[in-house]
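When a ligand or atom number is given, it counts from 1 through the structure's own listing order. Everything numeric here is computed off the predicted structure, so don't read it as measured data.
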Amino acid sequence: MANEVMMQSFEWDTDGSGDFYKKLKKDAKTLKENGIDGLWLPPMTKGGSDMDVGYGVYDLWDLGEFDQKGTIRTKYGTKEELLDAIKSLQDAGIKCYADVVLNHKGNADFTEEFKAVMVDQNNREQDVSGEMDIEAWTGFDFKGRAGKYSDMVWHYYHFSGVDYDVKSDTSAIFRILGDGKYWEEDVSGEKGNFDYLMNCDIDHDHPEVREEIFKWADWFIDETKVDGFRYDALKHISSNFIHDLSDHIINEKGEENFYLFGEFWQYNKEEIAKYLETTDYNIDLFDVPLHFHMQEASKSMGNYDMRKIFDNTIVADFPAQAVTFVDNHDSQPGQSLDSWVEDWFKEIAYAMILFRKDGYPCIFAGDYYGLIGEVKTEAKYDLINNMLKVRKNYNYGEEDNYFDDPSVIGWVRRGDEDHKPLVVLISIKDMAEKQMFVGESEAGATYVDLSGKNEDITIDENGNGVFTVGPGSVTYWANKESL
Ligand code: CA
């Protein structure tokens, strides 16, 4: 299928009344009709409460089935409702991707005493204490599940770090000591070693952990029938472990049948290249550099050099590996990676992911439906639906870039045998016009601004058109007769 689009189905403050899965089931057909081909679902596993967004993973094997942490359902509904929603979405032609959180576990059942050292928050290679006896929440026995699916009880030695000592009431990062035990080496080098992110950091080197997670992945895919994994927090997890797990899944499912992508929150080009290579190019990555460029441009008062907006992005350097996006649940205001793209720039940003040749675009529910938490934003439902239609109808063929002005860029998708060209023009500063070539066969044709902002124009005898755009705006144009 050409020009597929996925959507992140949730934002941080998505309604937690438990109706989320039921609503997805109801919306399945409409979403597909609107142009959504894939859906990134929120973490399905039980977290700390029925309001846990899903990243405070308690039990991987509880998808809203057992009475644990004061609730049977997760924030989003019960396991039965989840399976029902996935089936309806898939029946409607939408692929379902699970958000898989393997870096840490939280909300343990009991505390344990063990030896650890405190490390420097900003350089985790640096110990700042001697060996100490601490007591921490590292024991998980999942009494509510009573051994169904797996009887593994997790102990401190299945983890490599914690952030709280009960005994001394101290919040700090503690590295758990044990025979040959250390942070994973094949993680991000930020903060000395970025293995530790939060809660109980899972030790992926431990053979029991490895066996459990492999077993879980097989069960989970079988049980839910999902079409792919969105790996969370990849820069904090051993890249070799993720490589091996992905390899295992692909061998079981076949490369064509299971889509792997992940969050590697990293701007550095070399680190991104290294990660893609280490994981055999089996895992696509969110285009974090492009997101940062968009945010910077949106805050630049029109002074960002738009000619460089795709420089050093994943979509430019590794087009086959890029999941392009504008914002997500972490980048939204007030969240851990707050880097929100300003509202005036959103339509421009969506044009830059939806009307390009490369990248698997991921639209954000927080933009589509609007944010509903403390910071509220207007829904861009109609705007994005219109853009999705433009993408499906016109985003084909060669791509000619006109990146010749710092504040005004444009490009033409030249179309193919079955599709007419698409012209996109962006100005982040003043009103502007630009002559672009759409094709000799278009001579004399009337082009209409599908964004609904400007008057029609006529293509001249050589196949050129002079397209216009208002200040801080984007226009997108196609042959009027092809509508
Ligand atoms: Ca880790």
Apply side-chain hydrogen bond (donor to acceptor under 3.5 Å, both in side chains) to the pair Asn34 and Tyr368, showing each step before the final yes or no. CA-CA 11 Å; Asn34 290 352; Tyr368 198 54; 2.9 Å; yes
The Ca ion (ligand 1) -> His236, closest N, O or S atom is O
*asked:* Can you tell whether the side chains of Glu65 and Lys148 come within less than 4.0 Å, N to carboxylate O?
replied: yes
*asked:* For Asp358, is there an ion pair with Arg356 - N to carboxylate O distance below 4.0 angstrom?
replied: no
Quick note, side chain to side chain donor-acceptor pair (under 3.5 Å) partners involving residues 256-265, not counting sequence neighbours, are Tyr259-Asp284
O (Asp195) to the Ca ion (ligand 1) to OD1 (Asn103), nearest 10°, is 100°
min-distance N/O/S atom, Asp201 vs the Ca ion (ligand 1), resolves to OD1
